[in-house]
Amino acid sequence: MKVMVAVKRVVDYAVKVRIKADKSGVETSNTKMSMNPFCEIAVEEALRIKEAGRASEVVVVSMGGEQCVETIRTGLAMGADRGLHVITQDSSSLFPLAVAKLLQALVSSEQPRLLLLGKQAIDDDCNQTGQMVAGLLGWPQATFASKVSISDDKESVCVEREVDGGIETIQLQLPAVVTADLRLNTPRYATLPNIMKAKKKSIQRVTPEELNVVIGSDLEVLEVTEPPKRKAGVMVASVDELLDKLKNEARVF
Amino acid sequence: MALATRSSFRTLKAIRGAHSFCKHATSSGSSSDRVSSLWDEHRLTADQLHFRALATDFAKKELLPNGAQWDCDKYFPVEVLRKAAGLGFGGMFCAEDVGGSRLNRVDGAVIFEALAYGDVSTTAYLTIHNMCCSLIDRYGNDQQRNHWLPKLIQMEFFSSYCLTEPSSGSDAASLQAKNYYQLQTTARQAHGSSDYILNGSKAFISGGSVSDLYLVMARTGALGPKGISCFLLEKGMPGLSFGRPEDKLGWRSQPTTSVVMEEVRVPSANMLGREGQGFAIAMAGLDGGRINIASCSCGGAQFCLDTAQEYASTRKQFGKAITEFQSTQFKLADMQTALHASRLMVSNAAAALDAGSPKASACAAMAKRFATDACFNIANDALQLHGGYGYLKDYPVERYLRDLRVHTILEGTNEIMRVVLFRHMLQQP
């Protein structure tokens, strides 16, 4: 069984982001970039499925400019078997729907039985791609996975999802789409030998045109600004005043 | 009464503020990611960038949160070192057939610097272990390599390098002809067997008493460098004992002891290389060792620079952050410059060693001398920038200062580095 994992190159989670002077977006040129943490968790899960004998191959796919290759290599260094790079001129037009359409095309040619993604990217926090691609493919989906178990006959997958009310357990027929949440696993370190072995693994390059997908910009970013600075607190004179403010201004109760 | 309360309130507020900053300082890596990874991204290969990312990740998660506790408890973190070995950091320069990663010295410099950012003392031990593994890989016969290296590289076994003696430090082989201190550890041939009997003692041995394997330089022949041979001694050999761990200013997460040999019988199969080759082996190890120690200095200094910059940008006096004062800006800029220069010298020395350049030893000596001095000064400046807080153990900078202080002394004192360099300068046509 083939497992495909979609990964995204984002600003590293530890970086204090800065907004570009023209407010068109976040400064990325002078900033450390890494694989999206939820995508790392998805890759780790795919590797564990393979190590448990449920999958024969793990393919890592990413979309964007040349720098995506680094992110794919990280996936290969963790242990994925091969990579797929969808080259686009300009990463900024890759909104979730475009990514979903590209993934749909890749899935139809690669025929994986399981498509794993991170639940959302930490740069845009969209939390849409997994759901959209499942819709386009007509596949069942399980998002916010905190546990994934492929059945012995590899025909279905049982997923525990973290939802607002608690943990929901659902079973899906394969092929299916699963998106990874934080507590699904702890990603492994790549090892030095694996980093070097990754050089020999293949990364196939493909363009949206070759996949017959037109990436239109159906969304336009108007402005990116910093959140309002935290205002100073207000000193209250009595408990009554505190209760009044909580009730009528903060509307806590 | 009122005055006392007011001042104690101020102190309490300051301490509370300090603690929250301290947590921030040790866990935040954001400024380091902005600073160190991009200054030389153009110089590093794609692989080296991956190696550095791995080492940085490991350092942040496994070393940075624990370094202070290990220093305080004089705790040797065996399990974390084994974790590092599991990722390939145990025998980085060794051949693949015994489990090594066959990296080059430039790769090593990048990795050790990234690890030292998290904890200098533990990373320094790792460099010594790597040096011992490389020597066995390079000079050992097949039997020795296959017997020792797989276990050493995975750090199932730990190793130590034993050259220095109580009366033989810089003057390790008496490079002058007469009237000098000699290596006093001797190895005589046993009667009626090919075994050797070793007597003597080694001082300041990193990993002493914990390591399983000791690379010991002992005098087998005539006075001078050609009379020295290298032996592999195993913990548990009768006659091999250790002094109590030294109480050091820094490097406290590593045990440092004397190694005492009293009629230790060592089979000839445990001689590394040929009889009389010991000094050459020792010196071959030191070129790489000097680059490694200098890399550790760079990593430690980078941490000090980052934490000082972070502190200075939040510390307000005279109505503004102290980074708004030009003297602070100049100081930080000079620290950055000195660190960058150190890093480039180390990288160049590593490249020279990789290329087999005849100038490699001279480059290593220059880099070691320059980087260890410059990086200690950076740590010292960083402590000064922290003001009074820098003097407290609550803040990590004093530990880095203490750890870096010994780098100007071991692997060849910085004075000897000048001797080595000048000898090379004399050789130039």
Side-chain angles (χ1 to χ4, degrees), chain A residues 7 9-19 26-37 39-41 43-44 60 62 65-80 83 85 122-123 185-201 203 230, chain B residues 24 27-39 41 44-62 64 83-104 107-108 110-111 114-115 130 153-154 306 310 313-314:
Chain A
V7 300
R9 182 172 180 267
V10 298
V11 176
D12 185 80
Y13 77 92
V15 168
K16 288 187 195 134
V17 290
R18 288 160 296 142
I19 312 286
V26 161
E27 188 67 71
T28 57
S29 60
N30 206 23
T31 330
K32 182 177 180 191
M33 307 289 279
S34 306
M35 188 188 284
N36 183 42
C39 299
E40 263 186 359
I41 294 172
V43 172
E44 174 64 27
V60 160
S62 194
E66 268 312 310
Q67 300 116 321
C68 282
V69 174
E70 279 318 300
T71 315
I72 297 172
R73 287 242 176 269
T74 305
L76 296 174
M78 284 171 75
H85 177 203
I122 61 171
D123 52 5
N185 60 49
T186 306
R188 63 194 62 188
Y189 294 110
T191 63
L192 285 179
N194 281 349
I195 289 173
M196 292 186 295
K197 276 186 210 144
K199 267 196 299 238
K200 302 192 186 103
K201 296 181 184 173
I203 299 180
R230 227 181 108 167
Chain B
H24 176 66
S27 61
S28 135
S30 54
S31 46
S32 85
D33 298 333
R34 214 173 343 122
V35 174
S36 61
S37 53
L38 300 172
W39 290 104
E41 213 162 76
L44 300 183
T45 64
D47 270 356
Q48 283 160 356
L49 290 169
H50 277 285
F51 297 154
R52 181 164 65 182
L54 170 60
T56 303
D57 201 23
F58 184 84
K60 277 205 196 120
K61 291 191 180 129
E62 312 282 346
L64 203 54
K83 231 184 201 174
L87 299 184
F89 293 141
M92 296 193 306
F93 311 115
C94 297
E96 276 138 338
D97 65 334
V98 283
S101 309
R102 241 303 153 254
L103 300 187
N104 63 40
D107 301 332
V110 167
I111 291 171
L115 290 173
N130 268 274
I153 289 173
Q154 286 306 308
D306 289 348
E310 188 97 23
S313 60
T314 55

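Just so it is clear, the values below take in all heavy atoms, side chains as well, and ignore hydrogens, waters and symmetry mates. In what follows, chains are A, B, ... by sequence order, proteins preceding strands, each numbered from 1. The structure displayed is predicted, hence computed values, not measured ones.
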Kindly state each residue pair satisfying salt bridge (Lys or Arg N to Asp or Glu O under 4.0 Å) with at least one member in residues 84-93 of chain B, sequence neighbours excluded. none
Contact residues of residues 87-94 of chain B (partner chain A; heavy-atom separation under 4.5 angstrom): Leu87(B), Gly88(B), Phe89(B), Met92(B)
So for Ser34(A), is it side chain, backbone, both, or neither that comes closer than 4.5 Å to the heavy atoms of chain B? neither
So, using side-chain hydrogen bond (donor to acceptor under 3.5 Å, both in side chains) as the criterion, who are the partners of Glu70(A) when residues are at least two apart? His50(B)
Counterpart residues, side chain to side chain contact (heavy atoms under 4.5 Å, CB included), relative to Met33(A) (two or more places apart): Arg9(A), Val11(A), Thr28(A)
Is there a side-chain contact (heavy atoms from CB on, under 4.5 Å) between Leu192(A) and Ile111(B)? Walk through the geometry before answering. CA-CA 10 Å; Leu192(A) 285 179; Ile111(B) 291 171; 3.9 Å; yes
Crowding at NZ, Lys201(A) (>12 non-hydrogen neighbours, <6.0 Å): yes
Distance, nearest 0.5 Å, that separates NZ of Lys32(A) from OG1 of Thr56(B): 5.5 Å
In terms of heavy-atom proximity below 4.5 Å to chain B, should Arg188(A) be classed as side chain, backbone, both, or neither? neither
